[in-house]
*Asks:* 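Starting off with a structure, shown below.
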Amino acid sequence: MIRGIFTFLVLFMIAAPCTGDIYLWTDTRGIRHFSNVSPPSSAVTQETIQETTSPPRVDIDTPQGPLFKVVTVYDGDSIKVRGAAKTSRKESSLTFMVRLAGIDAPEAGYGKRPGQPFGQEARQMLENLVAGKRVALKSHGMDAYNRQLAEVFADGINVNLALLTAGMAECYRGNLVKGLDPGPYIRAEAAAKRAYRGVWGLGGNYQSPRSWRKQHPRKK
């Protein structure tokens, strides 16, 4: 197993320093899970990772405002959320796509086309962090695909930074979105590289998602 793949500190990203157990386990369907709750007795395999050293605190407060329920996780940096939209006469359901700002996760593939190494692991981590939960969004505008660019917060964690720290994404290499402080993102990526977490354990075999997409364009 590539060194450092699962030694990320999901529960310690934004919170004050603390100590606890993170459980990695595989269910009977072969799906990996990461949680601070001990796995069921039916788990096929399990490993407990105890971490006593917290990474540097990132002082980004959870934004105030409406919460949105995550209804779909597409890959390691794209989700769909649903919330309430008030009009002058009534309240209706609002559903829209969100692209996690400031990061770029390895491509998970689509249809019968395989994706990049760690593409599925990144999607699984994001799903474990946000699926079915109500999240806060700090919006940074729209992208070319009419998706909301946002920092996503769940359970007091900046999810974008959690993925970077786990080595499940790199800093986005395109144009920096307006209003996003790149400092915490650059530091989180650097820490993951030093620890060879996730994609950084691939060494010279690692390919940026941006480069991979150019070589594997989607067929129209």
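Values below: all heavy atoms of this structure, side chains included; hydrogens, waters and symmetry mates excluded.
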*Asks:* Could you tell me whether Lys133 atom NZ has more than 12 heavy atoms of other residues or ligands within 6.0 Å of it?
*Replies:*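 Atom NZ in Lys133 is packed in, count exceeds 12.
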*Asks:* Given 3.5 Å as the limit, does a donor-acceptor pair link the side chain of Asn160 with the main chain of Ala150, or not?
*Replies:*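 Indeed, once roles are kept as given, a pair shorter than 3.5 Å links the two residues.
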*Asks:* Of all heavy-atom pairs between Ala108 and Gly119, which one has the smallest distance, and what is that distance?
*Replies:*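 So the two residues come closest at CB-O, 3.9 Å.
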*Asks:* Taking the side chain as every heavy atom from C-beta outward, state whether Val199 and Glu170 have any atom pair closer than 4.5 Å.
*Replies:*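 Sidechains of Glu170 and Val199: no contact.
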*Asks:* side-chain contact (heavy atoms from CB on, under 4.5 Å) between Val152 and Leu137: does it pass, once the steps are laid out?
*Replies:* CA-CA 5 Å; Val152 179; Leu137 303 177; 3.8 Å; yes
*Asks:* Given the rule that I, L, V, M, F, W and Y join up when any side-chain heavy atoms are under 4.5 Å apart, are Tyr172 and Leu163 in one cluster?
*Replies:*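 Cluster IDs for Tyr172 and Leu163 differ.
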*Asks:* Over all heavy atoms of both residues, which pair between Pro117 and Pro106 is shortest? Give the atoms and the distance, please.
*Replies:*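 Scanning both residues completely, I find the closest heavy atoms to be O-CB, 3.6 Å.
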*Asks:* To the nearest 0.5 Å, what is the distance between CZ on Arg197 and CE on Met168?
*Replies:*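 Atom-to-atom, Arg197:CZ and Met168:CE are 10.5 Å apart.
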*Asks:* Suppose we call two aromatic rings close when their centres sit under 6.0 Å apart. Are Phe96 and Phe68 close by that rule?
*Replies:*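 For Phe96 and Phe68, the ring centres are under 6.0 Å apart.
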*Asks:* Hey, does the side chain of Asp75 reach the backbone of Arg123 with a donor-acceptor pair shorter than 3.5 angstrom?
*Replies:*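 No: the side chain of Asp75 does not pair with the backbone of Arg123.
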*Asks:* Once you round to the nearest 0.5 Å, how far does CG of Leu129 lie from CD1 of Ile157?
*Replies:*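 Output value for this atom pair is 6.0 Å.
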*Asks:* Just how far is it from atom CD of Gln124 to atom CD of Gln120, taken to the nearest 0.5 Å?
*Replies:*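 Separation between the atoms: 8.5 Å.
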*Asks:* More than 12 heavy atoms of other residues, nucleotides or ligands under 6.0 Å from CZ of Arg134: is that the case?
*Replies:*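 Counting neighbours around CZ of Arg134, 12 or fewer heavy atoms of other residues, nucleotides or ligands fall under 6.0 Å, so no.
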*Asks:* To the nearest 0.5 angstrom, please state how far the NZ atom of Lys178 sits from the OG atom of Ser139.
*Replies:*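 Here the rounded value is 12.0 Å.
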*Asks:* Looking only at atom types and distance, does a side-chain atom of Gln148 sit under 3.5 Å from a main-chain N or O of Met142, one as donor and one as acceptor?
*Replies:*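 It does not hold such a pair.
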*Asks:* Tell me if a side-chain donor or acceptor on Gln116 pairs with a main-chain N or O of Gln207 at a distance below 3.5 Å.
*Replies:*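 Checked: pair present.
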*Asks:* Going by distance alone, is a donor N or O of one side chain under 3.5 Å from an acceptor N or O of the other, for Glu127 and Tyr74?
*Replies:*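 Their side chains do not contain a donor-acceptor pair, so the 3.5 Å distance test is not met.
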*Asks:* Please examine the side chains of Leu126 and Leu100, heavy atoms only from C-beta on, and report whether any two atoms are closer than 4.5 Å.
*Replies:*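 With C-beta onward as the side chain, the pair touches.
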*Asks:* So does Arg173 pair up with Asp104, basic N to acidic O under 4.0 Å?
*Replies:*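 Judged by the 4.0 Å cut-off on N to carboxylate O distance, Arg173 and Asp104 do not form a salt bridge.
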*Asks:* Cys171 vs Leu164, test: side-chain contact (heavy atoms from CB on, under 4.5 Å). Steps then yes/no.
*Replies:* CA-CA 7 Å; Cys171 289; Leu164 277 178; 4.2 Å; yes
*Asks:* In Å, rounded to the nearest 0.5 Å, how long is the span from CD1 of Ile79 to NZ of Lys69?
*Replies:*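 Ile79 CD1 to Lys69 NZ: 13.0 Å, rounded to 0.5 Å.
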*Asks:* Apply the test side-chain contact (heavy atoms from CB on, under 4.5 Å) to residues Phe118 and Leu202: give CA-CA distance (whole Å), side-chain angles for both, the deciding distance (0.1 Å), then the verdict.
*Replies:* CA-CA 10 Å; Phe118 290 96; Leu202 295 172; 4.0 Å; yes
*Asks:* Test of understanding: clusters of I, L, V, M, F, W, Y form through side-chain heavy atoms closer than 4.5 Å, transitively. Do Ile186 and Trp200 belong to the same one?
*Replies:*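 The answer is no; the residues belong to distinct hydrophobic clusters.
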*Asks:* Side-chain contact test, heavy atoms from C-beta onward, threshold under 4.5 Å: evaluate it for Val135 versus Leu67 and give yes or no.
*Replies:*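 No; the side chains remain at least 4.5 Å from each other.
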*Asks:* Measuring from Arg99:CZ to Ser78:OG, what's the distance to the nearest 0.5 Å?
*Replies:*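 Those atoms lie 5.5 Å apart.
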*Asks:* Looking at Thr165 and Ala188, what are the two nearest heavy atoms and their distance?
*Replies:*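 Of all heavy-atom pairs spanning Thr165 and Ala188, the closest is OG1-CB, 3.6 Å.
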*Asks:* Start with the C-alpha gap between Glu151 and Tyr185, add the side-chain angles, then the distance that decides, and say whether side-chain contact (heavy atoms from CB on, under 4.5 Å) holds.
*Replies:* CA-CA 11 Å; Glu151 292 175 276; Tyr185 288 76; 2.7 Å; yes
*Asks:* In the structure I gave you, are the side-chain heavy atoms of Val130 and Val73 within less than 4.5 Å of one another anywhere?
*Replies:*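 Val130 reaches Val73 side chain to side chain.
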*Asks:* Let me check something: do Leu94 and Val81 share a hydrophobic cluster, defined by ILVMFWY side-chain heavy atoms less than 4.5 Å apart, either directly or through other members?
*Replies:*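 Yes, because Leu94 and Val81 connect within a single hydrophobic cluster, where side-chain heavy atoms sit under 4.5 Å apart.
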